[in-house]
Amino acid sequence: MNILIIGAGGREYSIGLALQKDKNVGKLYFAPGNGATEMLGENVPLSDFEALADFTEAHGIVLTIVGPEAPLVEGIVDYFRERNLTVFGPTAAAAQLEGSKIFMKNFLARHGVPTARYIETDSLDEAVQFIATLDAPIVVKADGLCGGKGVIIAQSHDEAKVAAAEMLAGSSFGDAGTSIVVEEFLDGYELSVFAVCDGKDYVVLPAAQDHKRLLNDDQGPNTGGMGAYAPTPLVTDEIYAKLDERVIRPTLKGMEAEGYPFTGVLFIGVMVVKGEPIILEYNVRFGDPECEALMPLLKSPASELFYKAAIGDLKNATIAFYEKYAVGVVMVSKAYPYKSSPPAEIVIDEIHHEALKGESHISYAGVSRDEDGKLYATGGRVLVCVGIGDSIKEARDRAYMLVGQVHFVGKQCRTDIAYQALGEG
Ligand code: AMP
Ligand code: GLY
């Protein structure tokens, strides 16, 4: 089958890589793709839904997989379904779980899913009153999609009031700041849990952990994610069971009952506080870089997971994962996450380590390719070095061996990915 993947990041590259290994898959297309997805298939410079749907019809594409949240929130799945095209992702109504924090928070309250105490408001007075009832640190969030930057963890009551006032005045996050959420700070460890859903049935993937801060020891500014690994031993069978019973099932039932059955990937951002999973947020897509760590663990054909979910037939799918670990280390450009950096040529040493062959690879993200086929770092998150192994330590060693082979001016990465799992924190 020919497949179109919408998106341009390392997430989409890693999905492409998994599909490329699958003998059921014919040609891959990426819209718009990046400088490296061209090596897996063909890049298509389209973003308009109608033009994309026309393209899929003209090229015998039987499945479209939507990577990022923006086209989902804008209704690409609704449009493709109207055109009778098979597409993997949630409808615009279901994508509100990510598109609007206020929708998500109210949904959690309606269905009794545990989350932090919060209020939503567009009134500064109300925000200030609620802030006074919480202990610092205090979390202040803008509604809407802010590319992960709409969250401030204020260290004092005064800082929280200033953040709330700025967001409400629209000075920090533009239109996304007209309503805000103020919430209690959850003190625990964070997980990324993914359920691939077809509207009725679902498959839970091995739990992952991302590392959002730029620097080692979770210091520095928040980023899109500096590295991830899976499965994490921090999720015990008991926590998986609690997640299933208290979070995933009530959420999917609730979505169905409210008239928007969830299809695609439900990404559950969880904080485990004293052994109890509490929901931080939902996203309606794979995490990036979590996807880059999860795709190589998929043992059954990738097309089966995506296609059967898209046609509502997961109950007839047999989805299996390798009993291995994957660690992905993100390499970012010099000025990330503050501003863009000048293009820098990427040079990769020839791989001699036996241990790396077949047990490591690169998922490319912010890269461009020139006419000679040379790759340049042109985005913030440039690429992800992924190592696979029988233990987290082995997978991590392989990922960092590969990091050592990759060169571009200004490269940065964390050197402590998976530190919590390895008891180093
Ligand atoms: P969000 O955009 O809601 O996912 O928040 C971004 C990041 O801020 C999360 O991944 C957490 O690391 C942190 N965060 C958000 N809300 C809370 C909270 N209530 N308590 C602690 N950390 C939080
Ligand atoms: N890695 C977190 C995210 O994709 O939002």
Side-chain angles (χ1 to χ4, degrees), residues 7 9-12 14-15 67-70 72 97-105 108 114-120 130-131 134-155 160 163 167 172-173 176-177 180-194 205 207-214 218-230 232 265-274 276-294 328-330 332 337 363 365 380-381 384 414 417 420:
R11 168 179 53 206
E12 289 75 23
S14 72
I15 293 172
E69 62 275 23
L72 294 167
L97 273 184
E98 171 163 3
S100 166
K101 281 198 201 299
I102 288 169
F103 173 86
M104 180 269 288
K105 280 293 200 178
L108 293 177
T115 187
R117 204 155 70 80
Y118 76 105
I119 55 156
E120 55 152 295
F130 187 71
I131 286 167
L134 298 173
D135 294 327
I138 293 161
V139 183
V140 185
K141 302 184 180 188
D143 196 24
L145 295 173
C146 310
K149 299 188 190 92
V151 180
I152 294 206
I153 298 180
Q155 297 304 323
M167 277 188 201
S172 323
F173 300 102
I180 59 168
V181 169
V182 178
E183 77 181 27
E184 152 192 29
F185 178 76
L186 298 174
D187 194 5
Y189 58 86
E190 204 169 338
L191 303 172
S192 302
V193 179
F194 300 90
L205 274 46
Q209 225 186 0
D210 186 15
H211 299 67
K212 295 219 160 118
R213 303 292 200 95
L214 180 70
D218 297 328
Q219 301 295 310
N222 253 323
T223 70
M226 294 297 292
Y229 70 96
T232 171
V265 189
L266 181 67
F267 169 174
I268 307 156
V270 180
M271 194 72 91
V272 180
V273 183
K274 300 192 180 91
E276 299 301 317
I278 309 206
I279 299 316
L280 272 179
E281 60 162 354
Y282 284 123
N283 295 303
V284 297
R285 50 161 177 93
F286 273 115
D288 191 343
E290 291 94 324
C291 190
E292 289 92 315
L294 287 167
V329 177
V330 182
V332 303
S363 265
R381 288 193 292 171
V384 186
R414 278 179 63 157
I417 300 306
Q420 288 187 35

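One-based numbering, in listed order, for ligands and for the atoms of each.
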Problem - Shortest reach to atom 14 (N) of ligand 1 by a heavy atom, considering only I278, N222, I153 - result: I153
Practice task
Measure from the side-chain N and O atoms of T232 to the backbone N and O of A207, and report whether any donor-acceptor pair falls under 3.5 Å.
Solution key: no
So if I count the atoms of ligand 1 from 1 in the order they appear, which ones are less than 4.0 Å from some heavy atom of [X]?
X	answer
E183	16 (N), 17 (C), 18 (C), 19 (N)
M271	21 (C), 22 (N)
E190	9 (C), 10 (O), 11 (C), 12 (O)
L280	11 (C), 15 (C), 16 (N), 17 (C), 18 (C), 19 (N), 23 (C)
F185	20 (N), 21 (C), 22 (N)
E281	1 (P), 2 (O), 3 (O), 4 (O)
K212	10 (O)

What I'd like to find out is whether the side chain of [X] reaches to under 4.5 Å of the side chain of [Y], using heavy atoms alone.
X	Y	answer
M104	T115	no
D218	Q420	yes
M226	L214	yes
V330	H211	no

Problem - Nitrogen or oxygen atoms of L186 and ligand 1 under 3.5 Å apart - result: yes
Under the salt bridge (charged side-chain N to carboxylate O under 4.0 Å, His left out) test, residues paired with [X] that sit two or more places apart:
X	answer
R285	E69, E98
R381	none
E190	K212

Exercise for the section: Examine the proximity of ligand 1 to K141 and report which part, side chain or backbone, both or neither, has a heavy atom under 4.0 Å away. Expected result: side chain
Exercise for the section: Check each heavy atom of V139 against ligand 1 and say whether those closer than 4.0 Å belong to the side chain, the backbone, both or neither. Expected result: side chain
Practice task
Have a look at V140 and tell me which of I153, I180, V181, V151 forms a side chain to side chain contact (heavy atoms under 4.5 Å, CB included) with it.
Solution key: I180
Exercise for the section: List the atom of P289, the atom of D210, and the distance in Å for their closest heavy-atom pair. Expected result: CD-OD1, 3.5 Å
Fill in the blank from the handout: Between T223 and P337 the two heavy atoms that sit nearest each other are CG2-CG, 4.3 Å
Check ligand 2 for N or O atoms under 3.5 Å from a protein N or O and list each pair with its distance.
unit_1: ligand 2; atom_1: 1 (N); unit_2: D210; atom_2: OD2; d: 2.8
unit_1: ligand 2; atom_1: 1 (N); unit_2: G224; atom_2: O; d: 3.3
unit_1: ligand 2; atom_1: 1 (N); unit_2: D288; atom_2: O; d: 2.9
unit_1: ligand 2; atom_1: 1 (N); unit_2: E290; atom_2: OE1; d: 2.8
unit_1: ligand 2; atom_1: 1 (N); unit_2: E290; atom_2: OE2; d: 3.4
unit_1: ligand 2; atom_1: 4 (O); unit_2: R285; atom_2: NH1; d: 2.9
unit_1: ligand 2; atom_1: 4 (O); unit_2: D288; atom_2: N; d: 2.9
unit_1: ligand 2; atom_1: 5 (O); unit_2: R285; atom_2: NH1; d: 3.4
unit_1: ligand 2; atom_1: 5 (O); unit_2: R285; atom_2: NH2; d: 3.0

